[in-house]
Amino acid sequence: MLVFATRMLRDKWKSFVIYSISAVVFLEMYVALFPSFHEQAAEVDRLFKSFPPELFKAMNMDPSMLSFSNFQAYLSTEYMSFLWPIMMIAYVISVANYICVNEIDKGTIETLASLPTSRIRIFFERYFAGLMLTIGFCVISVLGAIPLAQLHDVDYLFNNFLTTTVGAFFFAWAVYSLATLFSVLMSDKGKASMLSGGVVTIMYVLFIVSSLKESVENLKYVSFFNYFSGSELLAKNAYPEHMVL
């Protein structure tokens, strides 16, 4: 019955596999390097303490969690605070573009609109199919660290990764919904991608500025990055207080 959702899943499975494998490859690299960093944890921690705290706040990292003494803190710093958001944003924008603007870009929107079904059904089937792909990516790109940790005999805390997966999904959902808006409003795939990426980048800049200047502190509330902290989720196993208010 869900023909439009099924078609989207069939068309987007290759990109899903590519992004998921890429995430696992990066995770493998970080997990494999952890024992070496762990041996030098004291030296690395001293190095971190020599940098100003504002630098790490601007990178959406909790300075108190900057440590390689345990696997969760290490991965939250090296992976969840920077690399994972970049991969996630690129992926969900590509998924959101499929919902509408991709059809316009290929010149097939009239054929799709002429089918004997409502446009609302087409939209929601595709939207929720994309949401399922987003959930799948979050699960693989975060929980994928667990079997790799077992492979390399690295101690880990499952609950921390589960909490991070949930928090990562809500962050990805917000970006996906924003990208969907531009997919519907724009008639050019390139412009839709640029606007989606541009708005997210502006949000990141606003978050940085609000972290560095108290006079514009309230700007952080319009940024998605204010409600996602990889270091708190993974290292502390806790959602930021303002994230759940």
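Ile135 CD1 to Ile140 CD1: the interatomic distance, rounded to the nearest 0.5 Å, is 12.0 Å. The distance from atom CZ of Phe170 to atom SG of Cys138, rounded to the nearest 0.5 Å, is 10.5 Å. Taken to the nearest 0.5 Å, the CG atom of Leu9 stands 13.5 Å off from the CZ atom of Phe4. The distance from the CD atom of Glu78 to the CE atom of Met29 is 8.5 Å, given to the nearest 0.5 Å. How far OH of Tyr204 is from CG of Asn226: 13.0 Å, rounded to the nearest 0.5 Å. In this structure, OG on Ser229 lies 10.0 Å from CG on Leu234, to the nearest 0.5 angstrom.
Take Phe124 and apply the side-chain contact (heavy atoms from CB on, under 4.5 Å) test, not counting sequence neighbours, and it matches Ile120, Phe128. Asp11 is linked by a salt bridge (charged side-chain N to carboxylate O under 4.0 Å, His left out) to Arg7, counting only residues two or more places apart in sequence or in another chain. For Lys220, the salt bridge (charged side-chain N to carboxylate O under 4.0 Å, His left out) criterion is met by Glu217, not counting sequence neighbours. By the side-chain contact (heavy atoms from CB on, under 4.5 Å) test, Ile202 pairs with Leu206, sequence neighbours left out. Every residue two or more places apart in sequence or in another chain that forms a ring-ring contact (aromatic ring centres under 6.0 Å, His included) with Phe169 is listed here: Trp173. Residues forming a side-chain contact (heavy atoms from CB on, under 4.5 Å) with Ala96 (at least two apart in sequence, or on another chain): Tyr176, Ala179, Thr180. Every side-chain contact (heavy atoms from CB on, under 4.5 Å) that Ile86 has, sequence neighbours left out, goes to Phe82. Under the side chain to side chain donor-acceptor pair (under 3.5 Å) criterion, Thr163 pairs with Asn237, sequence neighbours left out.
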(request) Could you check Met80 against Thr164 for side chain to side chain contact (heavy atoms under 4.5 Å, CB included), going step by step and ending with a plain yes or no? (result) CA-CA 9 Å; Met80 288 304 301; Thr164 303; 3.6 Å; yes
(request) Determine, step by step, whether Asn218 and Tyr221 satisfy the side chain to side chain contact (heavy atoms under 4.5 Å, CB included) criterion, reporting the C-alpha distance in whole Å, the side-chain angles of both residues, the deciding distance to 0.1 Å, and the verdict. (result) CA-CA 6 Å; Asn218 290 336; Tyr221 295 113; 3.6 Å; yes
(message) Show, in sequence, the C-alpha distance, side-chain angles and deciding distance for Leu27 and Tyr79, and conclude whether the side chain to side chain contact (heavy atoms under 4.5 Å, CB included) test is met.
(response) CA-CA 8 Å; Leu27 280 172; Tyr79 179 69; 3.5 Å; yes
(request) Mind running side chain to side chain contact (heavy atoms under 4.5 Å, CB included) on Met88 and Val175 for me, showing each step along the way? (result) CA-CA 9 Å; Met88 179 277 295; Val175 178; 4.1 Å; yes
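For Tyr127 and Ser177, the side-chain atoms include at least one donor-acceptor pair closer than 3.5 Å.
Contact record, Gly167 with Phe228: O-CD1, 3.9 Å, taken as the closest heavy-atom pair. Between Ile99 and Arg126, the shortest heavy-atom distance links the atoms O-NH1, 3.2 Å. Listed here is the closest heavy atom pair of Met87 and Phe137: CB-CZ, 4.2 Å. The nearest pair of heavy atoms linking Val222 to Leu219 is CG2-O, 3.0 Å. The two residues Ala129 and Met8 have their closest heavy-atom pair at CB-SD, 4.0 Å. Nearest heavy atom pair, residue Ala235 against residue Asn160, reads O-ND2, 3.7 Å.
A 4.5 Å side-chain heavy-atom check between Leu75 and Phe34 finds every atom pair outside the cut-off.
Other residues sharing the hydrophobic cluster of Leu157, ordered by chain and number and joined by side-chain separations under 4.5 Å: none, the residue standing alone.
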Please tabulate, for the side chains in residues 189-197, all donor-acceptor contacts under 3.5 angstrom to protein atoms that are two or more places apart in sequence or on a different chain.
from	atom 1	to	atom 2	distance (Å)
Ser193	OG	Asn97	ND2	2.7
Ser193	OG	Lys189	O	3.1
Ser196	OG	Ala192	O	2.9

Which pairs of donor and acceptor atoms, one on a side chain in residues 142-153, lie under 3.5 Å apart (sequence neighbours left out)?
from	atom 1	to	atom 2	distance (Å)
Gln150	NE2	Tyr156	OH	2.7
His152	NE2	Glu28	OE1	3.1
His152	NE2	Glu28	OE2	2.9

Report, one line per pair, each donor and acceptor closer than 3.5 Å where one atom sits in a side chain of residues 12-19; sequence neighbours left out.
from	atom 1	to	atom 2	distance (Å)
Lys12	NZ	Ser94	O	3.4
Trp13	NE1	Arg10	O	3.3
Ser15	OG	Lys12	O	3.0

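Grouping the Ile, Leu, Val, Met, Phe, Trp and Tyr side chains by contacts below 4.5 angstrom, directly or via other members, places Val205 apart from Val200. The hydrophobic cluster containing Leu131 also contains Phe182, counting ILVMFWY residues as joined when their side-chain heavy atoms lie under 4.5 angstrom apart, directly or transitively. If you chain together hydrophobic residues whose side chains sit under 4.5 Å apart, Leu185 and Val199 never meet in one group. Both Leu83 and Tyr91 belong to a common hydrophobic cluster when Ile, Leu, Val, Met, Phe, Trp and Tyr are linked at side-chain heavy-atom distances under 4.5 angstrom.
For CG of Asp155, the number of neighbouring non-hydrogen atoms (other residues, nucleotides, ligands) closer than 6.0 Å is 12 at most. With a 6.0 Å radius and a threshold of 12 heavy atoms from other residues, nucleotides or ligands, Tyr30 has its OH atom above the threshold.
Note: Phe171 and Phe225 meet the aromatic proximity criterion, with ring centroids under 6.0 Å apart.
Remark: side-chain polar atoms of Ser210 are not paired, donor with acceptor, to backbone N or O of Val216 under 3.5 angstrom.
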